[in-house]
Amino acid sequence: MINKSTQVAFDGIENYFVFNCEYEGNNAATQVTIPNNFMEFNKPKTEDKSCGIESSNNNSCLSCNTFHGFQSIESEQSLKDITGITFKIFDFLLSLIPNNINSQTILSKENYLLIFLMKLKLGLTYSALSVFFKIHRTTVSRVFLECLHILSKKCKNLIFWPSKDTILDTLPVVFKKNYPNCRCIIDCSEIRVEQPKTIKQRVYMYSHYKGCYTVKVLVAITPNGMVSFLSKAYGGRSSDSFITNDCGFLDKLEIGDEVLADKGFPGIKSGIEGQNSILVMPPILHNRRFSEEELLKTYNVASVRIHVERFFARLKLFNVFNKITINTHR
């Protein structure tokens, strides 16, 4: 059996704190004496800081010791950490934004773009970004959606379908042996979204594969890793084959083109053959065991399809794609 006792006394005669501890065998006792003036202390004073726009200054600079917006970014690695891009790409995107955008917001043009890119890379909420830039969350929302609209229109032509000669001239060595006529590698990617409001939307967007509501897009990658085709967004219920047949991708193929795909695209074989093109897929298991030839074919396809998987992996580094909220795509 263990006996324990504790005694605390206030209004002690001494002007200092006393703590005693005694023990004997399994018994222990503590005693504390606390003087009155021990409880009298002042809260440390802190200097007021401001991260917003100074009232006496109309310039679009931030006056915070820890975060000054774009002015705080001193190295390319810092820019990559919060936006995922280099200074060269940042300057290119900045050149696409009209100069008169400054008349619509108190932010500088650089911080206008920085808010947009931080939202994409870090997936921060509008409220969190409003704290960083000391502006209202509705302003952050407006800035993001405006910048998204501007850049989506200006950058649309950056995704284009290169000519067959261009593909052959830039064909990597790894393709030349087994797939010398490869035009592109295709795959679909799903992005989670919030639960839609209507029943019809929920049925259309629910993905049984992911077990949640998603949007789905088809992406085509050239053998050298360039994005050559991006479909519109479909609901998660749509199959890979349906999206490929519906989005206009097949109309771009030419005679003799080889299209590499995974096992989720058997439904596009007739459409590709109708364009006199060739669909290359890994063999489907029928007798519980692959033959040596089937194993070799599976390996060959997988070894080159890794390019499109790497593209999706890079895409998912942008945390805005973790889950698209309803107010993101209004």
Side-chain angles (χ1 to χ4, degrees), residues 84-86 88-93 95-96 148-189 191 215-234 238-282 297-316 318:
I85 64 174
T86 62
K88 186 175 183 180
I89 298 177
F90 186 92
D91 292 339
F92 169 72
L93 295 177
S95 67
L96 301 179
L148 177 64
H149 178 70
I150 292 171
L151 293 182
S152 63
K153 290 180 64 177
K154 295 291 184 68
C155 297
K156 189 174 183 180
N157 293 331
L158 295 180
I159 299 178
F160 61 92
W161 189 257
S163 67
K164 197 166 188 175
D165 291 337
T166 301
I167 297 294
L168 293 176
D169 291 340
T170 59
L171 193 68
V173 177
V174 69
F175 284 82
K176 291 182 178 180
K177 179 180 179 181
N178 296 312
Y179 310 107
N181 296 312
C182 178
R183 191 69 182 269
C184 62
I185 310 165
I186 62 172
D187 203 356
C188 285
S189 181
I191 302 170
V215 293
K216 208 171 185 180
V217 293
L218 173 74
V219 178
I221 305 290
T222 62
N224 66 351
M226 186 191 81
V227 179
S228 58
F229 183 85
L230 176 66
S231 74
K232 65 180 182 180
Y234 291 78
S238 303
S239 67
D240 296 354
S241 296
F242 171 79
I243 295 174
T244 308
N245 288 321
D246 181 75
C247 67
F249 166 76
L250 299 180
D251 297 333
K252 295 184 174 294
L253 299 178
E254 300 178 34
I255 297 174
D257 284 347
E258 289 181 327
V259 179
L260 273 62
D262 64 10
K263 298 178 183 179
F265 292 86
I268 69 172
K269 186 174 183 180
S270 59
I272 287 184
E273 290 178 349
Q275 301 290 334
N276 293 318
S277 302
I278 303 168
L279 175 63
V280 180
M281 290 193 311
K297 185 177 181 180
T298 300
Y299 173 79
N300 290 335
V301 174
S303 64
V304 292
R305 279 199 70 260
I306 191 66
H307 292 292
V308 72
E309 301 295 343
R310 286 173 177 168
F311 166 77
F312 288 133
R314 293 195 303 270
L315 193 65
K316 295 300 175 64
F318 289 83

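The shown structure was predicted, so the numbers you read here are calculated from the model rather than taken from an experiment.
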Legend entry - V227 and L158: CA distance, side-chain angles, deciding distance, side chain to side chain contact (heavy atoms under 4.5 Å, CB included) verdict: CA-CA 9 Å; V227 179; L158 295 180; over 6 Å; no
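- What you find for L171 and Y179 is that their closest heavy atoms are CD2-O, 4.3 Å.
- By the 4.5 Å heavy-atom criterion applied to side chains, I167 and D169 are not counted as neighbours.
- The side-chain heavy atoms of I186 and V259, taken from C-beta on, include a pair separated by under 4.5 Å.
- Crowding of I255 atom CD1: a count of heavy atoms from other residues, nucleotides or ligands under 6.0 Å not exceeding 12.
- Interatomic distance, CG of L148 versus NZ of K153, reported as 12.0 Å (0.5 Å rounding).
- If you look at F312 and H307, their ring centroids are not closer than 6.0 Å.
- Put simply, OG on S228 and CD1 on I159 are 9.0 Å apart, with the number rounded to the nearest 0.5 Å.
- No side-chain donor-acceptor contact under 3.5 Å links S163 and D165.
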All N/O donor-acceptor pairs, side-chain side in residues 266-275, below 3.5 Å, sequence neighbours left out:
none

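- In this view, V174 and P172, V304 satisfy the side-chain contact (heavy atoms from CB on, under 4.5 Å) rule, not counting sequence neighbours.
- Residue pairs meeting the ring-ring contact (aromatic ring centres under 6.0 Å, His included) criterion with at least one member in residues 260-279: none, sequence neighbours excluded.
- Distance check: I185 CD1 to I221 CD1 gives 7.5 Å after rounding to the nearest 0.5 Å.
- Proximity of T222 to C184: side-chain heavy atoms (C-beta onward) are nowhere separated by under 4.5 Å.
- Within the structure, every pair that satisfies the salt bridge (Lys or Arg N to Asp or Glu O under 4.0 Å) test and touches residues 173-188, not counting sequence neighbours, is listed here: R183-E254, R183-D257, D187-R305.
- For the pair S189 and V219, the minimum side-chain heavy-atom distance is 4.5 Å or more.
- Between L260 and L279, every side-chain heavy-atom pair lies at or beyond the 4.5 Å cut-off.
- With sequence neighbours left out, K154 forms a side-chain contact (heavy atoms from CB on, under 4.5 Å) with L96, I150.
- The heavy-atom pair separating C188 from K216 by the smallest distance is CB-CE, 4.1 Å.
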Cut-off 3.5 Å, no hydrogens considered: what does the side-chain donor-acceptor table look like for residues 246-253, sequence neighbours left out?
{"from": "D246", "atom 1": "OD2", "to": "Y234", "atom 2": "OH", "distance (Å)": "2.5"}

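- Distance check: I243 CD1 to L218 CG gives 7.0 Å after rounding to the nearest 0.5 Å.
- Residues L168 and P180 approach most closely at CD2-O, 3.5 Å, considering heavy atoms.
- Between atom CG of residue D262 and atom CG of residue D240 there is a gap of 6.5 Å, rounded to the nearest 0.5 Å.
- Taking both residues in full, the closest heavy atoms of A233 and V215 are given as CB-CB, 4.4 Å, listed atom of the first, atom of the second, then distance.
- Nearest heavy atoms, N157 versus F160: O-CD2, 3.8 Å.
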